[in-house]
Amino acid sequence: MAADPQRPLFHPVAPPRREDHRLVTGAGRFVADLAPPGTLQLAFARSSEAHALILGIDTTEAARAEGVAMVATAADLDLPDIPGRSVAVDAAGFSRPHLAGERVRYVGEPIAVVAAEGAARAIDAAELIWVEYDPLQVVADATAAVNDQTILHPAAGSNVVERWELGSPDGADQGEIAVELTVHNQRLAPVAVEPLAILVEPGSDRTLTVWCGHQRPHELRTRLARLLGIEPAAIRVIVPDVGGAFGMKGMMFPEYTVAAAMAIRLQRPVIWAERRREHFSGGTHGRGSTHTVRLCGGRDGRVLRADLAELADVGAYPHSGSSIPAFSRYVATGLYDFPEVHISTTTVVTNRAPTGSYRGAGRPEAAYAIERAIDAYARAAGIDPVEVRLVNFIRDLPFTTSTGAIYDSGDYAAALRKAVEVVGLEEVRQQQEERRTRGGRPIGVGIGAFVERAGGAVDTGEYGRVEVDPTGKVTVRTGSTSSGQGHETVWPEVVAAALGIPADRVSLVAGDTGQVAKGTGTAASRSAQIGASAAWRTALVVRQQAVDLAADLLEAAPVDIEISGGRFSIAGVPGAGLTWDEVAAQAKEHGVELAAEEWYVPGAQTFPYGVHVAVVEVDVETGEVTLSKMVTVDDCGNVLNPMVVQGQIEGSLLQGIGQALYEGVVYDSEGQLLTSTLVDYQVPRATDAPPLTHARLVHPAPSNPLGVKGAGESGCIGAPPAIVNAVLDALAPYGVTHLDMPLHPATVWRAVQAARDDR
């Protein structure tokens with residue numbers, strides 16, 4: 001048997017991605033580009049109240065408006081509620097109506113839908129729908145929710161979706177140092193370039209074709225079928241080009257089912273394209289949690305006990321967001337080996353928009369909390385934060401944490417030392433001291449060390465199929481769906497490396513339930529480690545099929561067949577050989593199918609990790625923070641395509657910078673949304689990117705054949721604590737000990753003034 005090729009490490013300098021040309025030249029095809037003639041536009045009438053009973057809905061004027069084909073309320077469509085359960089929590093009693101009929105629970109909740117000829121007509125008609133409300137007491141935040149004075153879901157009987165605890169809460173402080181702090185991860189809006197959109201076209205044979213920029217097309221098909229009461233085989237979901245997803249587009253939204261139901265009722269194609277204001281009001285949101293951390297230990301920097309408590313606000317409905325606290329507590333202790341740990345999470349509903357997965361999904365919250373606490377401990381002990389981390393880091397891997405996570409491979413201390421070396425910590429400290437003695441804007445340096453769980457649940461897999469047709473054309477089919485991760489480039493590279501052919505001979509089919517038998521989809525940084533591994537493994541099977549056939553044709557043993565430059569030859573006999581095209585043509589004649597498929601389950605997660613270091617300068621007179629330098633050291637295992645990995649790191653890093661310095665969804669005490677446009681909600685621009693320096697460690701993942709780990713979420717996780725710790729380091733001489741994100745100039749300025757007043 002011919003030997004399998006080694007794990008591929010592709011292109012030290014990667015070629016341009018295949019998909020880039022059409023995307024940057026405006027030739028991409030997104031959902032809103034695909035509507036056929038005669039498509040009806042949908043617009044939703046949404047709640048203006050955060051919490052109220054609905055006394056009446058008058059759709060008369062809307063139904064009479066020009067171009068309107070149908071106006072529907074909950075009573076008209078009679079769709080079942082979306083269950084409250086998530087992958088981590090069975091939240092009975094917290095179901096979500098597709099259209100609110102009796103009660104609204106957040107500003108922006110859909111109440112009625114209009115289908116009309118043209119978007120403007122649909123929007124105008126939706127504004128004619130009159131809703132009579134009986135306002136109820138608003139549960140404005142998580143703290144108010146916990147006391148259960150006002151219940152959002154009477155069927156549940158409480159606002160608490162889940163309480164979870166690990167370890168004893170009664171452990172005594174150990175050692176001479178004890179610090180406690182409470183930190184907040186503000187709500188964020190994903191702000192994809194392309195908001196949500198869905199196009200549904202009914203067929204004459206009672207089928208539906210759905211175009212949606214979804215991360216999990218097979219799951220979307222299953223959920224739509226269940227809620228509509230039809231067979232999954234009657235629905236085909238196609239994912240075209242996607243303008244960013246970030247976790248948001250992996251979820252189920254009521255507008256999706258409503259669009260499908262309207263298409264069935266009207267027997268016409270319908271499209272809903274979310275407007276930006278709708279995105280902010282009910283998109284979903286990410287983050288939205290408060291952590292209280294208490295660390296105690298010795299003056300030598302060794303932490304002996306950690307107490308970590310999270311209070312998570314998942315908005316009005318928990319069917320998407322209630323999983324996130326579970327993801328957070330899984331890696332709550334970060335890279336550290338604490339002898340004694342107590343962790344608790346409390347998850348509640350509030351009169352705000354539902355939360356859900358947003359890039360990092362639970363890991364940024366955990367890393368921010370523990371990294372802020374480690375710095376606080378270092379200050380209390382009078383020890384350099386670098387040394388405190390080195391003293392407490394996990395040393396020997398694999399390592400099983402108190403929460404059951406099995407950290408697979410790496411060297412955490414090496415990553416920190418590398419980051420310190422690259423940033424030039426000694427020089428930065430010298431500059432910092434010079435500013436403090438001679439005057440000038442203070443400089444600070446901060447660290448964000450992190451670990452993340454990649455791959456999803458250990459029992460989930462991914463579909464892969466590789467096939468070679470009689471002309472030698474190679475097709476790889478995958479259940480993993482790209483929303484910017486570069487599948488169209490990387491999967492052909494992986495398969496080509498296995499088959500010994502150029503990558504341009506391989507094409508990818510993905511994001512189409514009509515052409516891919518099954519799939520899990522893209523989330524949790526799982527694509528390369530599971531989806532690409534499935535493609536690699538099936539390609540090796542096809543390779544062996546071809547080797548066996550070539551050996552038969554060349555009258556040689558399979559073990560003597562070599563593949564080089566797309567040609568099969570006998571070892572030591574360079575003159576005799578066959579091309580891939582010749583072998584593929586012969587396969588048909590010999591009744592051999594050059595094809596293989598697999599549902600690949602690695603049976604383990606991977607745990608990429610890294611250390612990010614930020615250097616900042618603060619103007620204490622205005623509160624403005626300037627991010628002078630950002631260093632990232634990441635270990636995502638083997639790197640298949642350096643350009644793709646670099647793009648993922650830089651993209652997530654800018655989103656992490658956004659959380660630290662700019663972004664935040666804000667509600668008032670009555671549940672009214674105050675950040676409903678890009679005028680109110682500030683996102684980082686390309687010009688806000690600081691000087692970036694990247695370094696990499698490589699410890700291959702032992703659980704998959706490619707040795708790869710997740711690479712797409714590190715910046716969101718490492719950057720926020722690094723930046724906030726840096727600002728607190730700069731402002732330590734001024735007496736500032738705490739700041740909450742985002743670090744808007746006014747926030748920083750007020751903290752400086754308050755510290756001065758306290759002196």
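Residue numbers count from 1 along this sequence. As the structure is a computational prediction, the values presented were derived from the model and not from experiment.
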Considering all heavy atoms of both residues, which atom of [X] and which atom of [Y] are nearest to each other, and what is their separation?
{"X": "I717", "Y": "P721", "result": "O-CD, 3.3 Å"}
{"X": "A142", "Y": "D313", "result": "CB-CB, 4.0 Å"}
{"X": "G671", "Y": "V138", "result": "N-CG1, 4.0 Å"}
{"X": "N725", "Y": "I447", "result": "ND2-O, 3.1 Å"}
{"X": "V451", "Y": "G334", "result": "CG1-O, 3.6 Å"}
{"X": "A156", "Y": "A92", "result": "CB-O, 4.1 Å"}

field: W164 atom CH2: more than 12 heavy-atom contacts under 6.0 Å
entry: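 Enclosed: over 12 neighbouring heavy atoms sit under 6.0 Å from CH2 of W164.
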query: Is it true that atom CZ of R756 has more than 12 heavy atoms of other residues, nucleotides or ligands lying nearer than 6.0 Å?
result: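 Correct, the count exceeds 12.
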Just by modelled atom types, is the [Y] backbone N or O under 3.5 Å from a matching donor or acceptor in the [X] side chain?
{"X": "T747", "Y": "L743", "value": "no"}
{"X": "S320", "Y": "G356", "value": "no"}
{"X": "T401", "Y": "A405", "value": "yes"}
{"X": "R287", "Y": "Y358", "value": "yes"}
{"X": "H319", "Y": "R96", "value": "no"}
{"X": "S676", "Y": "L673", "value": "no"}
{"X": "Q672", "Y": "S48", "value": "yes"}
{"X": "S47", "Y": "G108", "value": "no"}
{"X": "Q186", "Y": "E663", "value": "yes"}
{"X": "Q605", "Y": "G456", "value": "yes"}

Between [Y] and [X], is there a side-chain heavy-atom distance shorter than 4.5 Å?
{"X": "Y336", "Y": "I370", "result": "yes"}
{"X": "I343", "Y": "V341", "result": "yes"}
{"X": "V146", "Y": "N159", "result": "no"}
{"X": "L136", "Y": "L53", "result": "yes"}
{"X": "S323", "Y": "V89", "result": "no"}
{"X": "Y106", "Y": "P354", "result": "yes"}
{"X": "Y330", "Y": "R453", "result": "yes"}
{"X": "L152", "Y": "Y317", "result": "no"}

Quick one: [atom1] on [X] to [atom2] on [Y], what's the gap to the nearest 0.5 Å?
{"X": "K249", "Y": "L196", "atom1": "NZ", "atom2": "CG", "value": "6.5 Å"}
{"X": "I82", "Y": "T257", "atom1": "CD1", "atom2": "OG1", "value": "5.5 Å"}
{"X": "L295", "Y": "L308", "atom1": "CG", "atom2": "CG", "value": "7.0 Å"}
{"X": "R294", "Y": "T182", "atom1": "CZ", "atom2": "OG1", "value": "11.0 Å"}
{"X": "L731", "Y": "H738", "atom1": "CG", "atom2": "NE2", "value": "13.0 Å"}
{"X": "T59", "Y": "I129", "atom1": "OG1", "atom2": "CD1", "value": "6.5 Å"}

From T350, V665, I324, V314, residue fulfilling side-chain contact (heavy atoms from CB on, under 4.5 Å) relative to T355: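 Among the candidates, only V314 passes.
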Answer yes if the side chains of [X] and [Y] hold a donor-acceptor pair under 3.5 Å, and no otherwise.
{"X": "N351", "Y": "E670", "answer": "no"}
{"X": "E219", "Y": "H214", "answer": "no"}
{"X": "D307", "Y": "H342", "answer": "yes"}
{"X": "E340", "Y": "Q174", "answer": "yes"}
{"X": "T675", "Y": "D680", "answer": "no"}

- request: For the pair V139 and R352, evaluate side chain to side chain contact (heavy atoms under 4.5 Å, CB included) and give the outcome as yes or no after the intermediate values.
  value: CA-CA 8 Å; V139 180; R352 298 180 177 184; over 6 Å; no
field: Reference residue R46; test salt bridge (charged side-chain N to carboxylate O under 4.0 Å, His left out); the match among E274, E109, E255
entry: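 Passing option: E255.
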message: Going by salt bridge (charged side-chain N to carboxylate O under 4.0 Å, His left out), R329 matches just one of E310, E165, E162. Which one?
response: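 Per the salt bridge (charged side-chain N to carboxylate O under 4.0 Å, His left out) rule, the option paired with R329 is E162, out of E310, E165, E162.
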- prompt: So, R265 and D76, do they make that salt bridge, N to O below 4.0 Å?
  reply: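 The answer is no: the pair does not qualify as a salt bridge.
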Do [X] and [Y] make the cut of ring centroids closer than 6.0 angstrom?
{"X": "Y256", "Y": "F253", "answer": "yes"}
{"X": "F280", "Y": "H285", "answer": "no"}
{"X": "H612", "Y": "F450", "answer": "yes"}

- request: Can you spot which of R105, Q137, R103 makes a side-chain hydrogen bond (donor to acceptor under 3.5 Å, both in side chains) with H51?
  value: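 So the option named by the test is R103.
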message: Checking S86 against S322 for the side chain to side chain donor-acceptor pair (under 3.5 Å) test, could you report, in this order, the C-alpha distance in whole Å, the side-chain angles of both residues, the deciding distance, and whether it holds?
response: CA-CA 6 Å; S86 68; S322 60; 2.8 Å; yes
field: L220/M252 under side chain to side chain contact (heavy atoms under 4.5 Å, CB included): CA gap, chis, key distance, verdict
entry: CA-CA 7 Å; L220 177 60; M252 186 68 194; 3.8 Å; yes
task: Verify side chain to side chain contact (heavy atoms under 4.5 Å, CB included) between Y667 and L674, making sure each step is shown before the conclusion.
output: CA-CA 5 Å; Y667 286 87; L674 302 181; 5.9 Å; no
message: For residues 355-375, which residue pairs pass the salt bridge (charged side-chain N to carboxylate O under 4.0 Å, His left out) check, not counting sequence neighbours?
response: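 Applying salt bridge (charged side-chain N to carboxylate O under 4.0 Å, His left out) to every pair that reaches into residues 355-375, excluding sequence neighbours, yields R363-E452, R363-E713, E371-R389, D375-R389.
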- prompt: Yes or no on side chain to side chain donor-acceptor pair (under 3.5 Å) for T290 and H184, after CA distance, side-chain angles and deciding distance?
  reply: CA-CA 4 Å; T290 299; H184 185 59; 2.9 Å; yes
- request: Verify side chain to side chain contact (heavy atoms under 4.5 Å, CB included) between Y368 and V724, making sure each step is shown before the conclusion.
  value: CA-CA 9 Å; Y368 183 69; V724 178; 3.7 Å; yes
